[in-house]
Number of protein chains: 2
Amino acid sequence: MIGMTVATLPTSRRSASPRRRAPQIIEATAMVFAERGFHGATTQDIADVLGIRQASLYYYFSSKEAALELVCLRGVEGFFETGKAIAARPESAQKRLSLLISSHLSPMLDRGNFVKVFLNERQHLPAESRRRIGRWSRGLERIFEQVIEEGVAAGEFRAGLDARLVTLAVLGMCNAASSWYLKENKGVPAIAAEFSNLVIDGLAIRPAKRRPSRR
Amino acid sequence: MIGMTVATLPTSRRSASPRRRAPQIIEATAMVFAERGFHGATTQDIADVLGIRQASLYYYFSSKEAALELVCLRGVEGFFETGKAIAARPESAQKRLSLLISSHLSPMLDRGNFVKVFLNERQHLPAESRRRIGRWSRGLERIFEQVIEEGVAAGEFRAGLDARLVTLAVLGMCNAASSWYLKENKGVPAIAAEFSNLVIDGLAIRPAKRRPSRR
DNA sequence: GACTTATTCTATAGGTCGATAGATAGAATT
DNA sequence: AATTCTATCTATCGACCTATAGAATAAGTC
């Protein structure tokens, strides 16, 4: 039944697309949730940003929790797929980890509020969607972990390191950026470069440093 | 006036100390705030944990916000002082940074909920106490930053690194531990060791590694 | 045992917020 | 022009939550 309508899609019948302002509404929602937290924010706050009445929001989402789910979805989408693609590349573990860090940071630029809400407010999602979204999250962790383990196996990274802890360290480092990205005046590439250097090379000066880039 | 009572402390007059259960009440409050967030938690939730009535809590704090402030205070207290003491030691920047990381992680053990609430919920404090607590926070950041800069000046750390970004990276890494410390089964010393290694030495194997310890 | 202080209780006021129902204005379609 | 669809509005209900007031009980103290 529902599938049929996809084939018989009546896109032609009406040129005026329904819910044209949906992106704008969800953007404002993300902003307000990012600023005050899910429970700290009221639907009135969101409406105020948009200049409409509180009740009008319910034309765009069926409940406040549903709105949170929409925001969180846009906060995670892409991370897993991009990460998987990077991990599968035929390059060194060092290079791939750098790319993972960089790609993990880049959504800060245009989806900072969505990412922030996902990171801080996903705990307040209804049980079902929280588990669904949690799966993606854990999938991404596993990608980092695996690349690190491969780096150890390939002799690029220190043997004996705890890949799980390193993963949590790197992700914690990157995710924290969502909380200070707007205040600090650093570009994403600069952050990514500094973080990569820190993780790959550390702070200490190497006795005989081999420049890995510039092939 | 207030100072006088300290000298004339009437501890002897009454053996029953007032607010004996205060520590227990604040502990339960921290637990509930850590679990559900400040606005997501109700005073009823806290009372349920303690097995008392919701209104009885107001014998121990004057408002929900005041309770948050109490929890946050115990979540930050000590960090700044300990950090300052470590930074002033006459040891290498490497060693001091390792100690800073370690001491920053150790409160996770016995005050995990307080730290977590401070990190995640301090934004909901009333303006005045938020600023006061924010000062300590920024003070601690400056301590990390300074040790890193001293490390660069002393030739221990890479020249040209962005001390501010490295500080944010290290703190983000450490603070994230508050969100996974209970789930993961790692001891604080193991976490501190892995994080120190990561920051000081990085992941990459050194061509000619000098073992810094074991004098 | 009377008195005092500490702690918890009952009851409820007062306010806020999410959500629903139905009306309306305007745009697009026929 | 009549009709249908989109988007927003007005009005309001009921639930929940913080905080207060004052009574009641428990735990010493003299």
Side-chain angles (χ1 to χ4, degrees), chain A residues 5 8-30 32-33 35-72 117 121 124-126 129, chain B residues 5 8-30 32-33 35-72 117 121 124-126 129:
Chain A
T5 62
T8 336
L9 234 171
T11 332
S12 50
R13 268 208 55 230
R14 286 222 156 248
S15 67
S17 54
R19 271 149 244 240
R20 214 175 319 182
R21 294 209 344 171
Q24 208 180 328
I25 270 79
I26 198 68
E27 192 100 24
T29 305
V32 172
F33 283 174
E35 205 161 89
R36 313 202 181 188
F38 176 65
H39 286 294
T42 68
T43 51
Q44 183 67 60
D45 294 334
I46 301 169
D48 287 346
V49 169
L50 292 161
I52 61 176
R53 301 284 163 169
Q54 177 259 339
S56 304
L57 290 171
Y58 285 78
Y59 179 69
Y60 293 96
F61 47 73
S62 58
S63 72
K64 199 187 172 194
E65 278 184 346
L68 177 61
E69 189 170 350
L70 284 177
V71 172
C72 284
V117 170
E121 313 297 334
H124 300 117
L125 283 168
S129 53
Chain B
T5 62
T8 337
L9 233 170
T11 333
S12 50
R13 268 208 57 234
R14 287 226 156 244
S15 66
S17 53
R19 272 151 244 243
R20 211 176 322 181
R21 295 225 299 170
Q24 209 181 325
I25 270 79
I26 198 69
E27 193 101 25
T29 304
V32 172
F33 283 174
E35 205 161 89
R36 314 202 180 188
F38 176 66
H39 286 295
T42 68
T43 50
Q44 183 66 62
D45 294 334
I46 301 169
D48 287 347
V49 169
L50 293 160
I52 61 175
R53 301 284 162 167
Q54 178 262 339
S56 304
L57 290 171
Y58 285 77
Y59 178 69
Y60 293 96
F61 48 73
S62 59
S63 71
K64 199 187 171 193
E65 279 185 345
L68 177 61
E69 188 170 352
L70 284 178
V71 173
C72 283
V117 170
E121 314 296 333
H124 300 118
L125 283 168
S129 52

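Order of the sequence lines fixes the chain letters, A, B, ..., with proteins taken first and strands second; residue numbering starts at 1 for each chain. All values below come from the heavy atoms of this structure, side chains included, with hydrogens, waters and symmetry mates left out.
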Listed nucleotide nearest any side-chain atom of B/R53, set C/dT10, C/dT8, D/dT8: C/dT10
Whole-Å gap separating P (C/dT5) and CZ (B/R21): 22 Å
Donor-acceptor pair, side chain of A/H124 and main chain of B/R36, under 3.5 angstrom: yes
B/T43, nearest nucleotide to its side chain (from C/dA19, D/dT8, D/dT18): D/dT18
B/Y60 vs C/dT8: side-chain N/O to OP1/OP2 distance below 4.0 Å: yes
Cation-pi geometry met for A/R19 and A/Y59 (6.0 Å, 45°): yes
Aromatic ring pairing B/F33/B/F38, orientation class (parallel under 30°, perpendicular over 60°, tilted between): perpendicular
Between C/dT16 (C1') and A/Q54 (CD): distance, integer Å: 11 Å
B/S56 vs C/dC9: side-chain N/O to OP1/OP2 distance below 4.0 Å: yes
5'-most by nearest nucleotide on DNA chain C - A/S63 or B/I25: B/I25
Distance in angstrom units between A/R19 CZ and D/dT8 C1', rounded: 13 Å
Sugar-phosphate, base or nothing in reach of B/A47, heavy atoms under 4.0 Å: nothing
Option passing side-chain hydrogen bond (donor to acceptor under 3.5 Å, both in side chains) with A/Q54 (candidates A/T43, A/T42, A/D48): A/T43
Sugar-phosphate, base or nothing in reach of A/F61, heavy atoms under 4.0 Å: nothing
Nucleotide C/dG15, atom P - distance to NZ of B/K64 in whole Å: 18 Å
Atom pair distance, as rounded to whole Å: CG in A/L68 and C1' in C/dA19: 17 Å
Student check: side-chain heavy atoms of A/R21 and A/I52 closer than 4.5 Å: yes
Sugar-phosphate, base or nothing in reach of B/A22, heavy atoms under 4.0 Å: nothing
Under-4.0 Å side-chain N/O to phosphate OP1/OP2 contact, B/Y59 with C/dT8: no
5′-ward residue of the pair A/T42/A/S62 relative to DNA chain C: A/T42
